[in-house]
Amino acid sequence: MADGNHSELPTVLVLRRSPTIALLEQKFSQKFNLLKAWDSPLPQDQFLTTHARSVQALLSSSGGLPITSQILQLLPSLKFIATTSAGIDHVDSAECRRRGVAVANAAKAFAEDAADMAVGLFIDVMRKISASDRYVGDGLWATRGDYPLGSKIGGKKVGIVGLGNIGLEVAKRLEAFGCSVLYNSRSEKPSLSYQFYPNVCELAADSDALIICCALTAQTHHMINKEVLSALGREGVIVNVGRGAIIDEKEMVQCLVRGEIGGAGLDVFENEPDVPKELFALDNVVLSPHQAVATHEAIVALGEVVTGNLEAFFSNKPLLSPTVIN
């Protein structure tokens, strides 16, 4: 392989050149023969049928094509999917389980950066940083006087929904600010001192803010519904760095417009890149275009994790970050 002959490199199928894969394409190409579906003049189904017997590994991204049961059926030799995201909601997990296809995600590569963004959005909403910036930039300080008061961060009770890699990093940062951390997760973590709530509605009722860090699954889809938002209350703030569809977006927008919750910091949305226009005029809402993990350092770390997982698969060694497919 030292001579750079790609025919001697392990072959990895890539269906679409997502932004993340584009950033790492050169790195991956040094160790793998990337079979790029987008480069072929053939229709996708015909392209996959042509390579059906030879493809054992697939590289995917949440920003690329969903890995549906139809795609999996066209790839009978597929044994492994490496994804560049922490979440695997773009992969048909049930079909992978049925076919014995292993899936590995980004593991902790994004955790610190996503946590930084989550806490940043929380602070921004509470202290009105973005809204104050607009106030000054629009020349209103000189004509209307001081901007309305914000809220103190220390002492707040913050409920984290999903205490995985990202949620734990969020908790660590919130503790440094003097917040009390509560959480809801798939199961209680007895080794931690944070108070566990098996019911997310009860968590919301006891929290000044909710920070959504969990994965999108059939169970978590629209988990943050009208009932949960009502429990959060008129002063409550919601932050989402998970997936947009974890929140019932229409209900959240209505709650914000009617003043039934205190504010929102949103990095993800239900129908990206479309964002409800009602949010644009609200000073208690901070919006980000799904950038929570978009740092140079995270991309480098991601490249190492994905490369390590692919190398482990082709060497018949344990994967670095296998996902549990329920």
Side-chain angles (χ1 to χ4, degrees), residues 89 117-132 134-135 147-153 155-162 167 170 174 179-185 197-292:
D89 49 285
M117 178 66 90
V119 175
L121 288 169
F122 173 53
I123 294 171
D124 195 332
V125 176
M126 298 292 285
R127 295 305 309 271
K128 307 179 187 295
I129 296 171
S130 291
S132 296
R134 291 191 296 272
Y135 191 77
Y147 195 72
L149 298 175
S151 296
K152 182 180 175 68
I153 304 300
K156 292 295 184 292
K157 296 170 70 176
V158 183
I160 299 174
V161 180
V170 170
L174 291 173
C179 296
S180 297
V181 175
L182 323 172
Y183 76 100
N184 166 270
S185 206
Y197 287 73
N199 182 286
V200 73
C201 197
E202 293 176 3
L203 174 68
D206 279 359
S207 299
D208 297 303
L210 285 183
I211 298 183
I212 313 302
C213 303
C214 63
L216 176 61
T217 66
Q219 291 72 38
T220 63
H221 181 269
H222 283 190
M223 176 173 63
I224 309 301
N225 54 22
K226 172 67 173 176
E227 183 184 9
V228 174
L229 294 167
S230 296
L232 185 60
R234 298 182 67 85
E235 302 298 321
V237 166
I238 191 158
V239 172
N240 193 2
V241 294
R243 286 288 187 268
I246 296 169
I247 300 176
D248 186 332
E249 191 169 83
K250 289 183 179 178
E251 288 290 352
M252 178 191 65
V253 169
Q254 290 303 307
C255 286
L256 286 163
V257 169
R258 294 193 294 252
E260 294 173 358
I261 60 174
L266 307 170
D267 182 60
V268 288
F269 305 89
E270 194 157 357
N271 298 296
E272 295 176 4
D274 296 328
V275 177
K277 293 179 173 56
E278 297 94 327
L279 299 178
F280 299 163
L282 300 177
D283 280 339
N284 59 341
V285 175
V286 180
L287 307 173
S288 169
H290 204 147
Q291 289 288 99

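Position 1 is the first residue of the sequence; numbering continues from there. Note that the structure is predicted; figures quoted are calculated from it, not measured.
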| What's the verdict on side-chain contact (heavy atoms from CB on, under 4.5 Å) for Met223 and Cys214, showing C-alpha distance, side-chain angles and the deciding distance? | CA-CA 11 Å; Met223 176 173 63; Cys214 63; 3.9 Å; yes
| query | Does the side chain of Val181 come within less than 4.5 Å of Val158's, by heavy atoms? | reply | no
| message | Ignoring hydrogens, what is the shortest heavy-atom contact between Ile261 and Asn284? Give both atom names and the distance. | response | O-ND2, 4.3 Å
| note | Note: Arg127 and Ser132 closest approach over all heavy atoms is O-OG, 4.4 Å
| Heavy-atom distance under 4.5 Å between the side chains of Glu272 and Pro289, does that happen here? | no
| note | Between the OG atom in Ser207 and the NZ atom in Lys156, the distance rounded to the nearest 0.5 Å is 12.5 Å
| task | Sequence neighbours left out, what passes salt bridge (Lys or Arg N to Asp or Glu O under 4.0 Å) with Asp206? Give chain and number order. | result | none
| query | What closest approach, in Å, do Ala231 and Cys201 show between heavy atoms, and which atom pair accounts for it? | reply | CB-O, 3.6 Å
| message | To check you understand the geometry: which heavy-atom pair defines the closest contact between Val268 and Gly242, and what is its length? | response | CG1-O, 3.7 Å
| said: Tell me whether Asn199 contacts the main-chain N or O of Glu202 through its side chain, where contact means a donor paired with an acceptor under 3.5 Å. | reply: yes
| With no hydrogens and no angle check, is any side-chain donor or acceptor of Asp283 less than 3.5 Å from a backbone partner on Ala131? | no
| said: Quick check for you: to the nearest 0.5 Å, what is the distance between Ser288 atom OG and Asp124 atom CG? | reply: 10.5 Å
| query | Side-chain contact, heavy-atom cut-off 4.5 Å: Val237 with Asp208? | reply | no
| request: State which residue, out of Ile247, Val125, Val228, fulfils the side-chain contact (heavy atoms from CB on, under 4.5 Å) condition with Ile238. | output: Ile247
| request: Check whether more than 12 heavy atoms from other residues, nucleotides or ligands sit under 6.0 Å from atom CD of Glu278, and answer yes or no. | output: yes
| field | Asp248 side chain vs His222 backbone, donor-acceptor pair below 3.5 Å | value | no
| said: Could you check whether any side-chain N or O of Asp267 sits under 3.5 Å from a backbone N or O of Val241, counting only pairs where one atom can act as donor and the other as acceptor? | reply: no
| CZ on Phe122 to SG on Cys179, rounded to 0.5 Å | 5.0 Å
| With Glu260, the side chain to side chain donor-acceptor pair (under 3.5 Å) member among Arg234, Gln254, Lys226 | Lys226
| said: Which residue is it: Leu210, Ile160, Leu203? I am looking for the one with a side-chain contact (heavy atoms from CB on, under 4.5 Å) to Leu182. | reply: Leu203
| task | Using the side-chain contact (heavy atoms from CB on, under 4.5 Å) rule, pick out the option among Val161, Ile246, Asn240, Val170 that qualifies with Cys213. | result | Val170
| query | Considering all heavy atoms of both residues, which atom of Glu249 and which atom of Pro276 are nearest to each other, and what is their separation? | reply | OE1-CG, 3.4 Å
| Less than 4.5 Å apart, any side-chain heavy atom of Leu266 and any of Leu121? | no
| said: Counting only heavy atoms from other residues, nucleotides and ligands, does the tally under 6.0 Å from CD of Gln291 exceed 12? | reply: yes
| Exercise: identify the closest heavy-atom pair between Val285 and Leu287 | CG1-CD2, 3.4 Å
| message | Within this structure, what is the CD-OG distance for the pair Glu227 and Ser230, rounded to the nearest 0.5 Å? | response | 8.0 Å
